[in-house]
Number of protein chains: 2
Amino acid sequence: MTRDTSAVTEAYPFLPLSRDGLVDRVAHSLVNAILSGAIRPGERLAESQIARQMDLSRAPVREALRLLESSGLVEYRANRGFFVHVISATSIRELYELRIVIETAAVRALTETNPGALPGLRAQMAELHRLADEDAEMMAHVSADMQFHRLICEGSGNRRFLQVFDQISNETKLGLLVIGRLYDDAHRMAETHEPIIAAIAAGDADAAAAAIAYHIGVAKDLVTAHIEAQQQQEAGRT
Amino acid sequence: MTRDTSAVTEAYPFLPLSRDGLVDRVAHSLVNAILSGAIRPGERLAESQIARQMDLSRAPVREALRLLESSGLVEYRANRGFFVHVISATSIRELYELRIVIETAAVRALTETNPGALPGLRAQMAELHRLADEDAEMMAHVSADMQFHRLICEGSGNRRFLQVFDQISNETKLGLLVIGRLYDDAHRMAETHEPIIAAIAAGDADAAAAAIAYHIGVAKDLVTAHIEAQQQQEAGRT
DNA sequence: GTTTTGTCGGCTGTCGACAATCTTCTTGAC
DNA sequence: GTCAAGAAGATTGTCGACAGCCGACAAAAC
């Protein structure tokens with residue numbers, strides 16, 4: 001073992017250097033561009049153009065795009081290239097229904113087997129309120145909210161739940177960002193997480209499952225309604 | 001639409017030429033090699049070697065491998081390349097728990113909203129029994145079994161359920177194939193699907209959910225027990 | 001004998017180029 | 001004026017090449 005970084009006696013105070021390759025950096029850059037709205041849904045993502053702008057060859061760009069494809073942010077059509085995924089109301093509704101199924105199971109497992117996850121969840125709640133105080137940007141709110149739900153999946157102990165959650169989280173964010181603003185009062189939005197935490201703290205798995213199903217269900221209705229309205233608006237404009 | 005293959009009047013008896021690109025063909029070839037056991041778990045998949053053997057460049061091979069990575073068949077380590085995924089008992093248990101969650105929700109939706117899916121499920125049952133009569137190969141049984149469950153996800157109406165199912169189906173197959181043989185009597189194995197169909201036919205969503213959860217739960221216990229035994233055996237041999 | 005250092009073969013990461021394919025624009029016929 | 005066919009331009013699909021990185025073994029130092 002020449003490379004055991006967890007060795008008890010660390011000879012030198014060096015942190016491991018970030019080994020992120022080009023592909024990861026390109027992927028990050030693209031995710032940011034899409035989630036920030038700089039690139040709009042439906043828009044074409046020409047690998048040659050991206051490569052030229054980033055001043056590198058097409059190979060890493062192509063791989064990064066394939067990566068984004070598997071997270072649902074980007075769509076690939078054979079011989080046509082990549083396009084930013086266009087979200088439909090149906091697709092988002094189905095996404096939220098999947099989330100209900102996954103997170104319900106996750107919170108149940110967490111409540112029954114891992115109450116030690118509570119402090120982390122409470123801390124994330126505090127972060128949500130802090131952001132509300134600061135009147136932070138939409139993106140920050142969305143990320144913090146998603147992180148709360150991610151902690152639940154992580155705390156379930158089943159890595160598959162987390163894997164599915166991570167796979168759809170970017171798409172969820174995209175859906176939220178497309179509609180702009182959800183709650184007028186960010187504090188009230190944060191508070192809707194309370195019943196979940198209370199049920200976990202009480203050790204009541206059924207109540208926790210019901211609470212999170214309700215919580216996500218409300219979000220589902222809000223988001224799909226928004227998107228349906230937007231789609232109708234767009235259809236009318238055409 | 002210059003390419004409507006479903007045209008009513010077919011002028012010539014030509015089958016549509018497979019428009020699958022190189023990448024898809026390479027991916028298929030690799031999946032077969034892995035699921036047939038020709039390449040063992042843990043083995044290295046050197047893109048250069050594969051490319052040489054298939055007589056093409058590394059680019060399509062690399063893309064195919066990235067594709068397999070997202071379906072969990074293959075693992076990627078930076079600067080080291082691709083390796084066939086090694087399945088652990090824990091990982092398989094978590095996989096089956098995810099399947100229970102997804103398919104329970106799917107069968108519930110199917111029962112409540114899409115009883116029209118029943119004939120297809122019954123046909124697939126018949127196929128299972130036919131294979132049992134013919135004493136077919138393990139791989140054929142496994143595929144037919146998975147197809148039954150896929151039909152349930154498909155019939156749920158939620159494309160996300162199907163998406164998740166497809167993503168993990170290859171890994172599930174790999175797990176089943178690694179252990180060799182499961183049931184001594186293939187007919188009995190086929191029959192364990194009966195209660196699910198009966199519940200759907202009766203329109204009882206709760207019963208259908210319970211039936212499929214039980215069905216998958218049994219498989220989970222069998223498979224994890226097998227794999228645990230195998231792992232212990234291997235550990236002892238070292 | 002054990003640990004560190006140097007070397008080597010093989011593989012991945014990235015590149016630029018060419019061929020195949022699609023899209024768009026133009027042209028021409030009706 | 002509309003539609004179809006063809007040409008031009010741009011983009012993807014695939015390729016072969018080269019530099020950098022990795023793991024393994026050999027050599028050297030202690």
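Each chain gets a letter, A, B and so on, in the order its sequence line appears, and its residues count up from 1.
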Item to check | Pro60(B) side chain, from C-beta outward: closest of dC11(C), dT14(D), dT11(D) | outcome: dT14(D)
Next on the checklist: Looking at Glu97(B) and Arg160(A), is there a salt bridge between them, counting it only when a charged N and a carboxylate O are closer than 4.0 Å?
Outcome noted: no
Checklist entry - For Ser57(B) and dT14(D), is the shortest distance between a side-chain N/O and OP1 or OP2 below 4.0 Å? => result no
Checklist entry - If only side-chain N and O atoms of Ser48(B) are considered, is one of them under 4.0 Å from the OP1 or OP2 phosphate oxygen of dG10(C)? => result no
Item to check | Leu22(A) side chain, from C-beta outward: closest of dT11(D), dC15(D), dT14(C) | outcome: dT14(C)
Checklist entry - Roughly how many Å is it from CG in Leu56(A) to C1' in dC15(C), rounded to a whole number? => result 10 Å
Checklist entry - Below 4.0 angstrom from OP1 or OP2 of dG13(C), is there any side-chain N or O of Arg62(B)? => result yes
Next on the checklist: Is it the case that over 12 heavy atoms from other parts of the model lie below 6.0 angstrom from the CD atom of Glu137(A)?
Outcome noted: no
Checklist entry - How is Phe82(A) classified with respect to the nucleic acid when contacts are heavy atoms under 4.0 Å: base, sugar-phosphate, or nothing? => result nothing
Checklist outcome for this item: Heavy atoms of Phe82(B) and Val74(B) approach each other most closely as CD2-CG1, 3.4 Å
Checklist entry - How close or far is atom C1' of dG9(D) from atom CZ of Arg44(A), stated in whole angstroms? => result 12 Å
Checklist entry - Using the benzene-type ring in the case of Trp, are the ring centres of His149(A) and Phe165(A) under 6.0 Å apart? => result no
Next on the checklist: Counting only side-chain heavy atoms from C-beta out, which of dG16(D), dT11(D), dG16(C) sits nearest to Gln49(A)?
Outcome noted: dT11(D)
Checklist entry - Among dG23(D), dT14(D), dC15(C), which is the nearest nucleotide to the side chain of Arg80(B)? => result dG23(D)
Item to check | No-H, no-angle donor-acceptor pair, Arg58(A) side chain to dG13(D) base, under 3.5 Å | outcome: yes
Checklist entry - What nucleotide, of dC15(D), dT12(C), dT12(D), holds the atom closest to the side chain of Tyr76(B)? => result dT12(C)
